[in-house]
Amino acid sequence: MSKEHNYQLDYLDQLESEAIHILREVAGQFERPALLFSGGKDSITLVHLALKAFRPGKFPFPLVHIDTGHNFPEALDFRDALADSIGEKLIVRKVEDTIQKRQLTEPGGKFASRNALQTFTLLDTIEEFGFDACIGGARRDEEKARAKERIFSVRDEFGGWDPKRQRPELWNIYNGRIRKGENVRAFPISNWTELDIWNYIRREKIDLPSIYFSHDREVIDFEGQWVAVSPFIRLDATDVVETRRVRYRTVGDMTCTAAVESSASGIDDIIREITATRTSERGETRIDDKVSEAAMEDRKKNGYF
Amino acid sequence: MDLLRFITAGSVDDGKSTLIGRLLYDSKSILADQLAALEKQSKNKEDGEIDLALLTDGLRAEREQGITIDVAYKYFSTPRRKFIIADAPGHIQYTRNMVTGASNASLIIILVDARNGVVEQTRRHSIIASLLNIPHVVVAINKMDLVDYSQDRYNNIVIDYAEIARTLGLKDVTYLPISALKGDNIVEKSTSIPWYEGPALLELLETVQLEKDIDLERGRLGVQYVIRPQSNDLDLHDYRGYAGKIASGIYRKGDKITVLPAGLTSRIKTIEVGGKEVDEAFAPQSVVVQLEDDIDISRGDLLVNGDHLPQVEQEFEVLLCWMDTKTLAAGNKYLVQLGSRTVRGLVKEIEYKVDVNTLERQPAPAQVGLNDIVKATIRTATPLPFDRYTDLSVGGGVILIDETSYVTVGACMVQ
């Protein structure tokens with residue numbers, strides 16, 4: 001029995017334990033939490049962590065997807081299959097419906113992104129179900145404004161984030177008390193990097209939508225980024241449609257997510273490519289962050305995740 | 001591969017942001033597009049160097065004012081370790097932010113400007129390190145290039161600091177001469193400082209011994225959530241699992257557990273980690289525990305393992321860092337949260353104020369203001385199990401929450 005044991009936890013185990021602790025704090029502190037699920041690798045990892053946190057019980061929250069209507073079909077199929085296989089409740093609310101109901105103006109242009117409009121649907125959904133906390137898969141390494149956000153981030157009734165009035169967050173004590181109208185965004189994988197996620201997915205053998213792996217796709221070259229041809233982008237006469245072997249490093253809308261050229265068909269290949277890459281995740285694949293230095297900070301102040 | 005969380009203390013003038021930028025840059029954790037964005041913004045490009053400080057200041061206001069207001073977290077890893085840096089502002093008006101960043105750190109890098117030596121700010125950062133019980137202290141004597149890499153200058157600063165370390169009882173202190181701007185002794189050993197025989201900063205960070213930082217003797221497991229599947233499945237019909245994260249200690253099947261504050265005892269029937277049954281689990285694992293006996297346990301209760309029981313009291317003394325712009329006066333009521341347990345309480349008495357620059361005791365002010373650190377007595381409505389912070393920090397850190405705004409207003413270290 002008393003064999004040598006060095007009671008040391010691997011860094012992935014430490015991150016996992018921290019994330020489970022945060023998920024359980026949300027469950028323990030809030031009446032009506034929800035887990036925001038997009039079908040991307042970060043929220044899939046969250047679901048995996050929630051299974052570890054709450055089984056053999058049920059999740060104390062539904063999965064909620066804000067469907068922009070511009071999602072990759074592969075990601076939507078994956079979403080439905082996953083919710084079905086784990087037997088948890090999935091709520092889908094569509095940006096399209098919010099546009100109709102609230103007579104919102106669709107953005108125009110070549111890549112008419114509904115990224116900003118989904119904040120309206122998210123806030124409506126929070127109100128509809130009375131959610132007091134939304135769990136999200138944002139990571140601090142993604143972006144500079146996110147690096148400053150708390151794990152329990154209190155938002156006002158407009159979903160707005162005020163970076164100057166954040167609550168101090170000490171030790172592993174999370175203060176989730178809120179006043180009427182406010183709600184909390186909770187980020188269990190705040191301290192994970194992109195590479196941590198991929199290493200964890202490999203270790204835990206977590207399934208992902210097929211678009212994360214290399215496949216042939218019709219794309220156009222937009223300022224050095226490969227954008228998928230879809231009904232949601234405007235093709236101009238100067239665009240050259242070509243078929244490339246690509247994969248996605250992040251999965252957002254088809255209008256604002258770019259593919260990377262890659263032949264990585266398995267997770268080991270992907271990890272090798274990410275380790276060697278010299279461009280950040282959002283820099284390589286997000287068309288929407290390039291607008292200004294403070295693009296993310298501004299979106300968060302307006303209620304964005 | 002393990003994980004080290006550390007904090008850097010210092011102001012922009014000390015080269016703190018430059019140091020972090022240098023660590024990230026030289027360990028190749030800054031990527032091409034981030035670098036390009038940085039080059040675009042670098043306003044003060046001296047001899048073509050980019051302003052590494054811009055890398056850590058994430059908010060628009062910070063970039064505009066050229067200061068760090070809030071704690072930012074940065075990540076990098078080497079083949080040996082993953083690192084999480086809490087980048088905290090060093091000015092006195094941001095003491096609360098530094099306390100926040102320090103609360104989860106296993107190591108602190110205290111930057112000393114070689115030209116100025118030990119100054120008031122050095123003392124303040126060291127005092128905070130000792131209050132928060134940070135196990136490892138690295139004194140990085142920076143800007144060595146500006147004192148001609150003088151060994152005498154370095155030695156004098158070491159002698160001065162050793163006196164502070166002695167007074168504060170800092171145990172594990174390491175010194176090294178660096179130049180963050182030039183990259184001396186950050187990632188690579190410097191050829192400009194041949195008289196220094198120790199490792200460069202990165203190697204130091206990679207090799208600091210972390211095993212003893214977690215106490216494995218005294219078992220503390222706070223219940224966060226009770227898992228009751230309420231399933232018709234016969235195996236699960238009576239399942240009642242107590243979910244929580246082991247803060248310290250080892251928990252084994254069959255161990256005798258004391259449930260606090262009630263004081264009841266039982267034995268561990270099963271332990272699960274990530275849904276799989278195991279024979280033992282240890283800090284900082286998240287687990288689900290089932291007990292042999294059917295006793296009333298809910299969120300906020302503490303499952304204690306071992307003979308070293310925490311104290312269970314309604315009144316205790318704390319060192320309190322006040323974090324709100326609304327002032328604190330004796331008699332004020334707050335919510336008191338320790339781990340997952342929250343009780344109502346009041347600040348009964350304020351004994352004295354700690355001068356964070358000198359550690360001297362000053363008369364208690366009638367109104368305790370933002371960033372003040374005071375010795376106080378707290379009284380709670382119901383008994384709270386706790387450890388002395390200096391003994392077992394995971395059992396002795398408490399926050400105070402305003403009862404109407406629900407803002408976190410104070411951080412307490414139980415004495």
Novice: Hey, is the main chain of A/Pro168 close enough, under 3.5 Å, to the side chain of B/Thr100 for a donor-acceptor pair?
Specialist: no

Novice: Heavy-atom cut-off 4.5 Å, strictly under: side chain, backbone, both or neither for A/Ala19 against chain B?
Specialist: neither

Novice: Under a 4.5 Å heavy-atom cut-off, does chain A meet the side chain of B/Val287, its backbone, both or neither?
Specialist: backbone

Novice: For B/Tyr73, is it the side chain, the backbone, both or neither that has a heavy atom under 4.5 Å from a heavy atom of chain A?
Specialist: both

Novice: Donor-acceptor pair, distance only, cut-off 3.5 Å: does the side chain of B/Asp2 make one with the backbone of A/Tyr11?
Specialist: no

Novice: Report which part of A/Glu18 has an atom under 4.5 Å of a heavy atom belonging to chain B: side chain, backbone, both, or neither.
Specialist: both

Novice: Which atoms of A/Glu25 come close to chain B, meaning under 4.5 Å heavy atom to heavy atom: side chain ones, backbone ones, both, or neither?
Specialist: both

Novice: Taking side chain as everything from C-beta outward and backbone as N, CA, C, O, which of these in B/Ile227 sits under 4.5 Å from a heavy atom of chain A? Side chain, backbone, both or neither.
Specialist: side chain

Novice: B/Arg228: which residues meet the salt bridge (Lys or Arg N to Asp or Glu O under 4.0 Å) condition with it, sequence neighbours left out?
Specialist: none

Novice: Using the test salt bridge (Lys or Arg N to Asp or Glu O under 4.0 Å), find all partners of A/Glu88 that sit at least two apart in sequence or belong to another chain.
Specialist: A/Arg55

Novice: Quick one: which of A/Asn172, A/Leu195, A/Leu12, A/Ile178 has the most heavy-atom pairs under 4.5 Å with chain B, could you say?
Specialist: A/Ile178

Novice: Heavy-atom distance under 4.5 Å to chain B: side chain of A/Asn191, backbone, both or neither?
Specialist: both

Novice: Please classify the contact between B/Arg81 and chain A as side chain, backbone, both or neither, with a heavy-atom cut-off of under 4.5 Å.
Specialist: neither

Novice: Which one of A/Leu49, A/Asp196, A/Leu15 has the most heavy-atom pairs closer than 4.5 Å to chain B?
Specialist: A/Asp196

Novice: Do A/Arg177 and B/Thr342 have side-chain heavy atoms sitting under 4.5 Å apart?
Specialist: yes

Novice: How about B/Glu272 and A/Pro56: do any of their side-chain heavy atoms sit closer than 4.5 Å?
Specialist: yes

